[in-house]
Amino acid sequence: PSPKNGTAPTPLINYLDTQYFGEISIGSPAQMFNVVFDTGSANLWVPSHSCSPLYTACFTHNRYDASKSLTHIYNGTGFSIQYASGNVRGFLSEDVVVVGGIPVVQVFAEATALPAIPFIFAKFDGVLGMGYPDVAIDGITPVFDRIMSQHVLKQNVFSVYYSRDPTHIPGGELVLGGTDPNYHTGSFHYMNTKEKGKWEVVMKGVSVGADMLFCMNGCTAVIDTGSSYITGPASSISILMKTIGAVELAEGGYTVNCNLVKLLPTVAFHLGGQEYSLTEEDYILWQSEFGEDICSVTFKALDVPPPTGPIWILGANFIARYYTEFDRGNNRIGFAQAI
Ligand SMILES: COCCCC[C@@](O)(c1ccccc1-c1ccccc1)[C@@H]1CCCN(C(=O)[C@H]2C[C@@H](N)[C@@H](O)C2)C1
């Protein structure tokens with residue numbers, strides 16, 4: 001069924017402002033899966049029915065059963081994908097995948113080795129990479145490329161809305177083929193991707209309050225729908241934390257005194273001639289644990305070695321503030337104020 005007016009929306013679930021995911025189906029009859037739509041990777045995988053019982057994370061999630069699908073095509077090639085948290089291993093299969101009501105015949109991976117950390121904490125089953133074909137493992141054509149080649153979309157773009165309030169229903173929305181005016185206001189500002197083939201742009205600086213403190217000579221910003229937070233080079237993050245008076249916790253996170261949160265400065269990212277500022281509301285995760293309030297700072301240190309790094313990764317808490325359009329037709333990214 002061709003999508004209505006050339007766009008195909010998928011509602012997303014927001015789990016605690018840290019995990020955003022939506023439903024797809026694989027196989028005939030349809031087997032349903034919740035996946036993270038991840039611009040930082042370009043492969044689709046879901047847990048496999050042939051995942052060994054040793055992997056607890058497989059058994060707490062939906063698993064694809066090839067023997068139950070009339071449209072399954074055997075492949076069997078080995079697969080392994082590396083994330084910052086470790087790797088996921090399995091084998092390739094092919095079947096009908098439906099995203100936003102659009103069916104494609106897709107090569108994807110059945111995960112048979114799913115590390116308990118972090119996947120026992122995942123509220124979703126798998127990952128659907130929305131990155132460019134250049135970053136796809138085993139040269140597999142990504143889902144969005146398969147959809148574009150069907151010429152059912154009004155524009156070769158997709159847009160992401162992430163809600164900032166976990167009680168807001170829906171928790172977010174992915175639109176294939178366009179944007180959703182219900183979730184953004186004002187005009188879009190565009191910037192070209194730094195190099196064709198990655199959802200990353202040149203960033204001209206990062207300011208804290210009125211002072212530009214980081215990335216003064218330019219650096220790379222990765223716009224990553226599959227990251228929960230914002231990451232920056234460890235040296236910059238430690239200066240940023242000192243500047244806002246945050247203290248480091250044992251396991252590497254930072255917290256601030258909840259009474260001082262309203263005094264915290266804005267942090268602004270200079271992208272494409274615009275300043276995209278986040279206030280403390282956008283970068284403090286206010287949690288009440290055992291009756292006391294913990295205000296953790298959602299900036300994390302991550303050092304990526306050159307030539308790729310140094311990079312800043314702008315994840316969910318940035319996208320929740322700035323509605324993002326990923327434009328494959330023009331190799332550019334657009335931001336507008338999210339509603
Ligand atoms: C907005 O929704 C975010 C989903 C949560 C992502 C994540 O927080 C997560 C939490 C719990 C369980 C599993 C995973 C998770 C792990 C791997 C892939 C996808 C999700 C990831 C934790 C590790 C670091 N990180 C990435 O490297 C991510 C970076 C991204 N580009 C991916 O490729 C891997 C984010």
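As the structure lists them, so they are numbered: ligands from 1, and atoms in each ligand from 1.
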Fit a plane to each ring of Phe318 and Phe335, take the angle between them on a 0 to 90° scale, and name the class: parallel (under 30°), tilted (30 to 60°) or perpendicular (over 60°). perpendicular
Find out if a path of hydrophobic residues (ILVMFWY) with successive side-chain heavy-atom gaps under 4.5 Å connects Leu302 to Tyr283. no
Say whether Ile313 and ligand 1 are in contact under the criterion: heavy-atom distance to a ligand atom below 4.0 Å. no
Pick one of side chain, backbone, both or neither for how Val88 approaches ligand 1, counting any non-hydrogen atom pair under 4.0 Å. neither
Identity and separation of the nearest protein heavy atom to atom 23 (C) of ligand 1: Ser85 CB, 3.5 Å
Among all protein non-hydrogen atoms, which one is nearest to atom 11 (C) of ligand 1, and what is the separation to 0.1 Å? Gln19 NE2, 3.8 Å
Checking contacts now, so for atom 21 (C) of ligand 1, which I'm interested in, is there any protein heavy atom under 4.0 Å? no
Looking only at protein heavy atoms, what sits closest to atom 26 (C) of ligand 1 is Ala84 CB, 4.4 Å
What are the atoms of ligand 1, with element, lying closer than 4.0 Å to any heavy atom of Thr225? 1 (C)
Val175 and Tyr183, any side-chain heavy atoms less than 4.5 Å apart: no
Without swapping roles, check the side chain of Trp199 against the backbone of Ile333 for a donor-acceptor pair under 3.5 Å. no
Atoms of ligand 1, numbered as shown, that sit under 4.0 Å from any heavy atom of Ser227: 1 (C), 29 (C)
Sub-4.5 Å side-chain heavy-atom contact between Ser50 and Phe91: yes
Taking the side chain as every heavy atom from C-beta outward, state whether Met212 and His270 have any atom pair closer than 4.5 Å. yes
Name the option, out of Ile117, Asp224, Asn87, Val135, that contains the heavy atom nearest to atom 31 (N) of ligand 1. Asp224
Which residue holds the protein heavy atom closest to atom 2 (O) of ligand 1, what is that atom called, and what is the gap in Å? Tyr20 N, 3.2 Å
Cluster membership besides Ile117, Ile/Leu/Val/Met/Phe/Trp/Tyr side chains within less than 4.5 angstrom, sorted by chain and number, is Ile120, Phe121
Residue-level breakdown please: for Phe124 versus ligand 1, do any non-hydrogen atoms fall below 4.0 Å on the side chain, on the backbone, on both, or on neither? side chain
Can you list the atoms of ligand 1 that are under 4.0 Å from a heavy atom of Val36? 4 (C)
Note, Leu174 side chain near Phe158 side chain (heavy atom, < 4.5 Å): yes
Can you pull out the closest protein heavy atom to atom 19 (C) of ligand 1? Residue, atom name and distance to 0.1 Å, please. Val127 CG2, 3.6 Å
Any side-chain donor near an acceptor of the partner, Tyr132 and Asn331, under 3.5 Å: yes
Any side-chain heavy-atom pair from Val105 and Glu94 closer than 4.5 angstrom? yes
Nearest-neighbour protein heavy atom for atom 7 (C) of ligand 1, which is reported as residue plus atom name and distance: Ser228 OG, 4.5 Å
Restricting to heavy atoms, the pick from Tyr83, Tyr229, Phe37, Trp199 nearest atom 18 (C) of ligand 1 would be Tyr83
Closest to atom 12 (C) of ligand 1 among protein heavy atoms sits Pro118 O, 3.4 Å
List every atom of ligand 1 that sits less than 4.0 Å from any heavy atom of Asp38, numbering the atoms from 1 in the order shown and giving each element. 30 (C), 31 (N), 32 (C), 33 (O)
Is it the side chain (CB and beyond), the backbone, both or neither of Thr39 that lies under 4.0 Å from ligand 1, heavy atoms counted? neither
Test Asp145 against Arg328 for side-chain contact (heavy atoms from CB on, under 4.5 Å), laying out the working first. CA-CA 9 Å; Asp145 289 73; Arg328 280 291 299 274; 2.8 Å; yes
For the backbone of Val127 and the side chain of Asp38, can you confirm whether one donor and one acceptor N or O come within less than 3.5 Å of each other? no
Which of the listed options, Gly226, Gly172, Ala57, holds the heavy atom that is closest to atom 30 (C) of ligand 1? Gly226
